[in-house]
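Excluded from the calculations below are hydrogen atoms, water molecules and symmetry mates; all remaining heavy atoms, backbone and side chain alike, are included. Quick note: residue numbers are just sequence positions, from 1. In listed order, ligands and their atoms are each counted from 1.
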Amino acid sequence: MTDHAMERIDLLIVGGGINGAGIARDAAGRGLSVLLVEQDDLASHTSSSSTKLIHGGLRYLEYGEFRLVREALIERERLLNMAPHIIWPLSFVLPQTQSPRPAWMVRLGLFLYDHLGGREKLPGTRTVSLERSALGDGLSPRKGKAFVYSDCWVEDSRLVVLNAIDAAERGATIATRTRLIDAQREGDGWVATIEAAGRTRTVRARALVNAAGPWVADVIGRTHGARRDRGVRLVKGSHIVVPRLYEGDHAFMLQNDDRRIVFAIPYEGKFTLVGTTDEPWTDAPAKAQIGAAETSYLLDTVNRYFARKTGEADIVWSYAGIRPLYDDHSANASAVTRDYVLDLDTGADGEERAPMLNIFGGKITTYRKLAEHAMRELARFFPAAGEAWTAGAALPGGDIADADFEAFLRELATRQPDLPPALLRRLARAYGTRVDAVIGLGDLGPDLGGGLHTAEVDYLVKTEWARTVEDILYRRSKLGLHVPSGTPERLAAYLAEQGIA
Ligand SMILES: Cc1cc2nc3c(=O)[nH]c(=O)nc-3n(C[C@H](O)[C@H](O)[C@H](O)COP(=O)(O)OP(=O)(O)OC[C@H]3O[C@@H](n4cnc5c(N)ncnc54)[C@H](O)[C@@H]3O)c2cc1C
């Protein structure tokens, strides 16, 4: 291909996790031309393997991460208002009975948490007696007191997809199953080779954003002349899903003797999600899966707290993710900073050359601020780019009046009286105000199992880059935990019929 025929863009973003998708949205909204390449599906790695909390991170106060906690607390309610269909408040019960920390210390942490900033809708901390409160149901021994505080839940992989949809609607190209092979500086830009379905092509970009998460160092290695002085620390965290351990919509924050905490969170109606662990990881990120010691650690924790005893045979699902943390040389994996570091590389030779922005660390919670900071770093290379705009700008489907999801659902139910309430709730949660794009035509098509109709599959393929059974059953939804046997096969056959998988 001759140079003038080569595809030219402002920003080439490598990585379709939350950070890549968030930056793509922000940049496209400022008028930049953006190509995002993701080697697998959107959110197929760390960004679908989190604990799924939009939180300040109470635990990080112990490590003095006040900047991060304050920024995350402010983002918490902002994101809740931007996407109230996939983000909702969650209260946490923190029993003090088996705490390695004195009550005054926990109370002080919660006081800071309540007052560091950004709390308008969520209630402040209160104290309950576990014997007397229904919040103690299911615990054994059920005694002593607990603190109750609030954070938010997020459907993590859907948050990524919503950012990608918005980016695309603002002009970005989102190329899934497309890998960056290599890139080099040429003139004032980058020439990059990307590969999709076994075919390579070359694109020219003014700037390169490395949002490859656990592959951040691998991508640096694929770029000629990039600086290599920043390190990433890979730390694995795993979760198990077990049948519901207790009644109620609240979560528990369980303290362990090693000072780590484990969450038990209501999950998908009939389950409890339990996690997480912190284990150094040196193997390929894609190979991450839960290890035997992690499983025992999580089971021992819940068995120390809950009356209902849980064994390995009860585990219905597990997943593991790799945190791509910035290497601050901490001795302990739990103590490595969760804050993000943006490393702008403009060439090793001291000259101002084509920029590459490497992203280390971060949280789902802080992705929007991270994207703003990334754009600030790149601003001088794009003088015509617009101002910051994403604070408060609803994500697709999130423009729900007063961010009141239940009122929105009630109104939807009056418009769709024939749909089963559980199906309507699930679809409203998934698609928010865009639900009509799935159910609007009235005919949902055949049910492939568990309420997954072909109209929804068509929507996911057309609008959300879904290609495989796993994309649909485990990332665009968690229907994989619910559908009857035979559904994955029927879905695979349907996708094949459409010429997709
Ligand atoms: C166990 C665990 C629990 C967590 N819990 C929380 C939580 O409750 N709340 C919270 O806020 N945060 C949480 N986090 C942190 C959060 O999940 C991560 O910070 C975030 O998901 C990182 O996103 P990312 O976009 O950087 O990485 P990723 O989601 O991994 O995305 C990077 C993408 O880059 C792609 N890629 C890599 N190389 C290439 C290439 N050459 N070409 C094309 N694509 C490439 C990969 O396929 C990948 O999809 C948790 C993390 C873990 C591991």
Side-chain angles (χ1 to χ4, degrees), residues 12-24 35-57 59-60 68 71-72 75-76 79 87 90 151-154 156-157 159-160 163-164 175-183 192-196 208-223 232 234-239 251 262-263 265 273 275-279 281 284-286 288 290 294 298 318-326 333 338-340 358-371 374 475:
L12 173 60
I13 300 173
V14 185
I18 190 62
N19 288 329
I23 294 170
L35 169 63
L36 179 150
V37 293
E38 163 53 53
Q39 63 188 354
D40 298 316
D41 180 28
L42 292 170
S44 46
H45 297 285
T46 315
S47 298
S48 58
S49 311
S50 80
T51 309
K52 310 180 199 307
L53 301 179
I54 296 291
H55 63 159
R59 196 174 67 77
Y60 312 141
L68 170 67
E71 180 172 290
E75 280 305 282
R76 189 176 59 170
L79 295 176
I87 299 177
L90 185 59
D151 266 323
C152 290
W153 171 264
V154 61
D156 53 4
S157 45
L159 184 68
V160 176
N163 275 277
T176 62
R177 292 163 165 112
T178 305
R179 182 191 308 260
L180 175 92
I181 302 295
D182 60 34
T193 312
I194 56 178
E195 186 208 300
L208 186 61
V209 173
N210 175 3
W215 286 266
V216 61
D218 175 77
V219 166
I220 292 174
R222 290 170 184 277
T223 50
V232 65
L234 301 183
V235 176
K236 180 171 63 145
S238 301
H239 291 80
V262 167
F263 290 105
I265 305 174
L273 175 68
T276 177
T277 52
D278 279 299
E279 290 225 327
W281 182 257
I290 191 167
E294 290 174 286
L298 295 175
S318 69
Y319 60 84
I322 303 292
R323 303 177 180 88
L325 304 180
Y326 178 65
R338 263 52 176 172
D339 210 344
Y340 52 84
N358 297 303
I359 292 164
F360 296 89
K363 306 279 301 166
I364 301 257
T365 310
T366 48
Y367 87 92
R368 194 199 63 81
K369 283 302 286 184
L370 182 151
R475 280 185 290 274

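For atom 26 (O) of ligand 1, the closest non-hydrogen atom of the protein is Asn19 ND2, 3.0 Å. Remark: minimum distance from atom 21 (O) of ligand 1 to any protein heavy atom is reached at Ser47 OG, 2.9 Å. Nearest protein heavy-atom contact of atom 30 (O) of ligand 1 is Thr46 OG1, 3.0 Å. In this structure, the protein non-hydrogen atom closest to atom 31 (O) of ligand 1 is Gly17 CA, 3.4 Å. In this structure, the protein non-hydrogen atom closest to atom 42 (N) of ligand 1 is Leu180 N, 2.9 Å. Counting protein heavy atoms only, atom 9 (N) of ligand 1 is closest to Leu53 O, 2.7 Å. Given atom 40 (C) of ligand 1, the protein heavy atom at minimum distance is Val14 CG1, 3.6 Å. Among all non-hydrogen protein atoms, the one lying nearest atom 51 (C) of ligand 1 is Arg323 CG, 3.8 Å.
The shortest N or O to N or O distance between Ile18 and ligand 1 is below 3.5 Å. For ligand 1, one of its N or O atoms has an N or O atom of Ile364 under 3.5 Å away. Ligand 1 has an N or O atom lying under 3.5 Å from an N or O atom of Thr51, backbone or side chain.
Using a 4.0 Å cut-off between heavy atoms, Ala320 makes no contact with ligand 1 at all.
Two residues are said to be in side-chain contact when any heavy atoms from C-beta on lie closer than 4.5 Å; Leu79 and Tyr367 meet this criterion. Counting heavy atoms from C-beta on, the side chains of His45 and Ser47 never come closer than 4.5 Å. Tyr340 is listed as a side-chain neighbour of Thr366, based on a closest heavy-atom distance under 4.5 Å. The shortest distance between side-chain heavy atoms of Asp151 and Leu90 does not fall below 4.5 Å.
Closest heavy-atom approach to atom 46 (C) of ligand 1 within the set His55, Arg222, Gln39: this belongs to Gln39. For atom 35 (C) of ligand 1, the nearest non-hydrogen atom from the set Glu75, Lys236, Lys363, Glu38 belongs to Glu38. Comparing heavy-atom distances from atom 4 (C) of ligand 1 across Ser44, Ser50, Ala286, Gly213 singles out Ser50 as nearest. When Gly362, Ser48, Gly15, Ala212 are checked for heavy-atom proximity to atom 15 (C) of ligand 1, Gly362 turns out nearest.
Ligand 1 lies less than 4.0 angstrom from a heavy atom belonging to Thr178.
A pairwise comparison of heavy atoms in Asp156 and Ser50 identifies OD2-OG, 2.9 Å as the closest pair. The two atoms that bring Leu180 and Ala192 nearest to each other are CD1-CB, 3.8 Å, heavy atoms only. The two residues Gly17 and Glu38 have their closest heavy-atom pair at N-OE1, 4.1 Å. What you find for Pro324 and Thr46 is that their closest heavy atoms are CD-CG2, 4.3 Å.
For the pair Arg177 and Asp40, the salt-bridge criterion is not met [side-chain N within less than 4.0 Å of a carboxylate O].
Taking the six-membered ring where tryptophan is involved, the planes of Tyr319 and His239 are essentially parallel, since the angle between them stays under 30° and well short of 60°.
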task = Begin from the C-alpha positions of Lys236 and Glu294 and carry the test salt bridge (charged side-chain N to carboxylate O under 4.0 Å, His left out) through to its verdict.
result = CA-CA 10 Å; Lys236 180 171 63 145; Glu294 290 174 286; 2.7 Å; yes
